[in-house]
Amino acid sequence: GELRLRGVAGRETTTVTSTGTAFLVTDAALIGLRGITLAGVPDRTSLDRLIVVQDDATLELVEAAVVDNGAGGIHLEDTSGAVLTATDSVISGHGVPPDAKTGDPAQPQAGGGIYGVGAYQITLTNTTVEGNVAQAGGGIHLTNFFAPPTVLNLDGSAVTGNTGDFFGGGVQVSNVP
């Protein structure tokens, strides 16, 4: 299926707020957000990322903002090809709590802004990933244990002002074949 949401007045005036996962995109579905700000809960106690994309699904952001969620912004997980495209968008203000699954601060949690595990493609065009925090990969964390390969394309985009408590403040890549 396909769902497209458009904020006619633009992302500065059209905001959707969620206290958990706002969108779970799965089974080759497509979600498109244009001219919308999607805002989460900024404290680092939530366990839900704002958007989860899996199973060959696609997330398209155009002139959109995904902001201020304490458990991270966008999570891509797939064994064959989830897709994220963002154009003229902002992904900012996300934090990931110490081990969102177990609560163990010794377990590094990754990907404050974008977290990718599996096989996926990310294309950011004129998009900013900024002000995100995680123990690893504050802005973007990529890991892949499967084939086909992981792809990250940055075109006129900035990954800036992110913090990795242990490593990978901007972008961290691990286990990519």
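For clarity, every value in this text was computed on a predicted model and none was experimentally measured.
Remark: side-chain polar atoms of Thr85 are not paired, donor with acceptor, to backbone N or O of Thr123 under 3.5 angstrom. Asn162 places no side-chain N or O within 3.5 Å of a backbone atom of Gly137 that could act as its donor or acceptor partner. When atom types are taken as modelled, the side chain of Thr37 and the backbone of Thr15 share no donor-acceptor pair closer than 3.5 angstrom. In terms of modelled atom types and a separation under 3.5 Å, the side chain of His94 and the main chain of Val66 share a donor-acceptor contact. The closest donor-acceptor contact from the side chain of Thr21 to the backbone of Arg49 lies under 3.5 Å. Between the Ser89 side chain and the Thr87 main chain, a donor and an acceptor come within less than 3.5 Å of each other.
Remark: Ile122 CD1 to Ser157 OG distance equals 11.5 Å, nearest 0.5 Å. To the nearest 0.5 angstrom, Leu50 atom CG is 9.0 Å from Asp68 atom CG. Note: Leu33 CG to Leu61 CG = 5.5 Å, rounded to the nearest 0.5 Å. Going from atom OG1 of Thr127 over to atom CG of Asp155 covers 9.5 Å, rounded to the nearest 0.5 Å. With rounding to the nearest 0.5 Å, the separation of CD1 in Ile91 from OG1 in Thr128 is 9.5 Å.
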Quick one: do Leu124 and Ile140 satisfy side-chain contact (heavy atoms from CB on, under 4.5 Å)? Show the steps, please.
-> CA-CA 12 Å; Leu124 306 179; Ile140 302 171; 4.2 Å; yes
### Query
Can you list the steps and then say if Leu24 with Gln54 is a side-chain contact (heavy atoms from CB on, under 4.5 Å)?
CA-CA 8 Å; Leu24 171 61; Gln54 58 190 22; 3.8 Å; yes
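Considering only heavy atoms from C-beta on, Phe23 stays 4.5 Å or farther from Val53 through its side chain. Under the 4.5 Å side-chain criterion, counting only non-hydrogen atoms from C-beta, Val16 is in contact with Ile36. In this structure, the side chains of Ile51 and Leu38 come closer than 4.5 Å at one or more pairs of heavy atoms. With a 4.5 Å cut-off on side-chain heavy atoms, His75 and Val117 count as touching. Residues Tyr120 and Ile114 form no side-chain contact, since every pair of their non-hydrogen atoms from C-beta on lies 4.5 Å or further apart. Side-chain contact between Val129 and Val171 is absent, with no heavy-atom pair separated by less than 4.5 Å. Here the side chains of Val67 and Asn69 are not in contact, with every heavy-atom distance at 4.5 Å or above. With contacts defined as side-chain heavy-atom distances shorter than 4.5 Å, the pair Val173/Thr143 does not qualify.
Screening Leu84, Leu76, Leu30 for a side chain to side chain contact (heavy atoms under 4.5 Å, CB included) with Leu59, the sole residue that qualifies is Leu84.
Taking every heavy atom of both residues into account, Gln172 and Ala136 meet most closely at OE1-CB, 3.1 Å. The two residues Arg11 and Asp88 have their closest heavy-atom pair at NH1-O, 2.8 Å. Between Asp48 and Ala71, the shortest heavy-atom contact is O-CB, 3.4 Å. The shortest non-hydrogen separation linking Ala134 to Gly111 is CB-N, 3.8 Å.
Applying the ring pair (Phe, Tyr, Trp, His ring centres under 6.0 Å) test to His141 and every residue at least two apart in sequence or in another chain returns Tyr115.
No continuous path of ILVMFWY side-chain contacts below 4.5 Å connects Val83 to Val25, so the two sit in separate hydrophobic clusters. Residues Leu5 and Ile74 are members of one and the same hydrophobic cluster, defined by side-chain heavy-atom contacts under 4.5 angstrom among Ile, Leu, Val, Met, Phe, Trp and Tyr. Both Leu152 and Val159 are part of a single hydrophobic cluster, where members link through side-chain heavy atoms under 4.5 Å apart.
No salt bridge links Arg34 with Glu60; every basic N to acidic carboxylate O contact stays at or beyond 4.0 Å.
More than 12 heavy atoms of other residues, nucleotides or ligands shown are found within 6.0 angstrom of CZ on Arg4.
Side-chain polar atoms of Asp55 and Thr26 form a donor-acceptor pair below 3.5 angstrom.
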